[in-house]
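Shown next, in structure tokens, is the structure this report addresses.
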Amino acid sequence: MTSRITFADLGLDAALLRAVTDTGYTHPTPIQQQAIPEVLAGHDLLAAAQTGTGKTAGFTLPVLHRLLQEPKRSKPGQPRCLILTPTRELAAQVEESVQTYGKHVPLTSLVMFGGVNINPQISALRKPVDILVATPGRLLDHVGQRTLDLSQIEILVLDEADRMLDMGFIHDIRKVLKLLPTQRQTLLFSATFSDEIRKLARGVLRDPREVSVARRNTAAESVQQSVHLVPQHLKRDALSHLIRRNDWQQVLVFTRTKHGANRLAEKLMKDGIGAAAIHGNKSQSARTRALSGFKNGEVSVLVATDIAARGLDIDQLPQVVNFELPNVPEDYVHRIGRTGRAGAEGAALSLVDKDEIKLLGAIEKLIKRPIDRLPMPAFDLSAPAPAAHSEPRPPRRAPRPRSGPAGTSDTPSSEGQRRRRSRGKRGGNAASADNHRPQAARAALLGR
Ligand code: AMP
């Protein structure tokens, strides 16, 4: 796989090659080497590849090429190619790739997802759009409003199909499939080939070619993984301490819930650390702002849920922190795949409470190696929960919602099951305030 194949060898249109050259990429990644020729030849494709492998260009480039080859003009509201993604962030990033690679060709693209005003999307659909990148729910809204007609689709791409199934989009996907011509080319990308994915593939693909690249849990060997055993109630202070002590300038922190992400970002800001939370409850503009602040260095810490982080195109992050371990071991692999990309050095640190030891075991089993338990440097782990000592206990215990507030979870099935104990105390109280406030000005930059 370390051959000297170039993009030009793959037979892509010259205008696309120019765009690739503009990006600075010289050699196709393994998934691109495998996928591009199959798509160019018109085959359906079942591809196993995760974020970070270059999969987006692996389908975007040949899709653009094929649309160029057929000199058909798209009509308003009738796209020729549909790319379905599970999340808004991924949709936005895929469409950005379409624009990047399609910048020298006369094809148009549009991205649409929920959570934002539908009217600008309706206006955009009044003009011809060749490539539509969408999340399933908003797509169906448009079909329902008759602002979109999918009968002219020539190519369908299901990106991160496993994630779409995890997120319960199967019914929406089936509805969308019924609206498409049966005569079409279909590409299905998934991190894994589970039984469910195979079943979906059988239903949507015709005589597909199968390609796959190394899973990230083998590719992420360059990531230095470690664990600090930290009681849940001390994790926020511990993280704040580690960020300052190590002078981390760019760290992506994963929490299990949206609520947890907010609280953690708030606590870090109180400690004078530039932080922002990114999750599904944030407005699109808040998420975009947080992400660009993180990319341009205004924000040192981006706190994200798994779903929100999925598909974030942030290259070569030096440091990832698991504030809590994910319930699903596979998610650990996705998370640490955010660092050590393209052979770069990266580190992934997990803060693990004793209640999470079982989850840690499952992760170690999946990645087939133990993760080093390192002592927490210069931090008193025996300290009692700061809030418990500096604040009186809440006066009443009931009434309390039985299963937590609705809509605080990105993935109802997994996150809804998590334990909600030990979240009652508020961080950022007098005990956790400290006199390290070097980044207060940066923190103030962040709108929430
Ligand atoms: P993806 O797996 O599509 O999310 O891509 C992961 C990252 O790899 C993105 O930042 C891409 O811009 C980058 N990338 C895509 N193709 C190449 C390539 N041939 N060489 C180097 N980087 C690439």
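Read the numbers this way: they start at 1 and go in the same order the structure lists the ligands and their atoms. For this chain, numbers begin at 1 and follow the sequence in order.
- Residue-ligand proximity, Thr53 to ligand 1, at heavy-atom distances under 4.0 Å covers atoms 2 (O).
- Contact atoms of ligand 1 toward Thr56: 1 (P), 3 (O), 4 (O) (distance under 4.0 Å to a heavy atom of the residue).
- Contact atoms of ligand 1 toward Thr51: 2 (O), 4 (O) (distance under 4.0 Å to a heavy atom of the residue).
- Applying the ring pair (Phe, Tyr, Trp, His ring centres under 6.0 Å) criterion to His241, with sequence neighbours excluded, gives Phe379.
- Checked by distance only, ligand 1 and Gly54 come closer than 3.5 Å through their nitrogen or oxygen atoms.
- Within the listing of ligand 1, atoms 18 (C), 19 (N), 20 (N) sit less than 4.0 angstrom from a heavy atom of His27.
- With ligand atoms numbered from 1 in the order given, ligand 1 contributes 17 (C), 18 (C), 19 (N) to contacts under 4.0 Å with heavy atoms of Thr29.
- Under a 3.5 Å cut-off, the side chain of Lys55 and the backbone N or O of Ile31 do not form any donor-acceptor pair.
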Problem set entry | Residues Glu70, Arg80; criterion salt bridge (Lys or Arg N to Asp or Glu O under 4.0 Å); working and verdict | CA-CA 10 Å; Glu70 294 280 327; Arg80 297 175 61 193; 5.3 Å; no
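- The salt bridge (Lys or Arg N to Asp or Glu O under 4.0 Å) contacts involving residues 136-149 comprise Arg138-Asp141, where partners must be two or more places apart or lie in separate chains.
- Of the N or O atoms in Lys55, one or more lie within a sub-3.5 Å distance of an N or O in ligand 1.
- Distances below 4.0 Å separate heavy atoms of Phe7 from the following atoms of ligand 1: 19 (N).
- Under a 3.5 Å cut-off, the side chain of Gln185 and the backbone N or O of His43 do form a donor-acceptor pair.
- Any N or O atom pair closer than 3.5 Å counts here, and Gln32 shares at least one such pair with ligand 1.
- Here the shortest heavy-atom pairing between Met112 and Leu125 reads CE-CD1, 3.6 Å.
- Side-chain contact between Thr56 and Phe189: absent, with no pair of heavy atoms (C-beta onward) separated by less than 4.5 Å.
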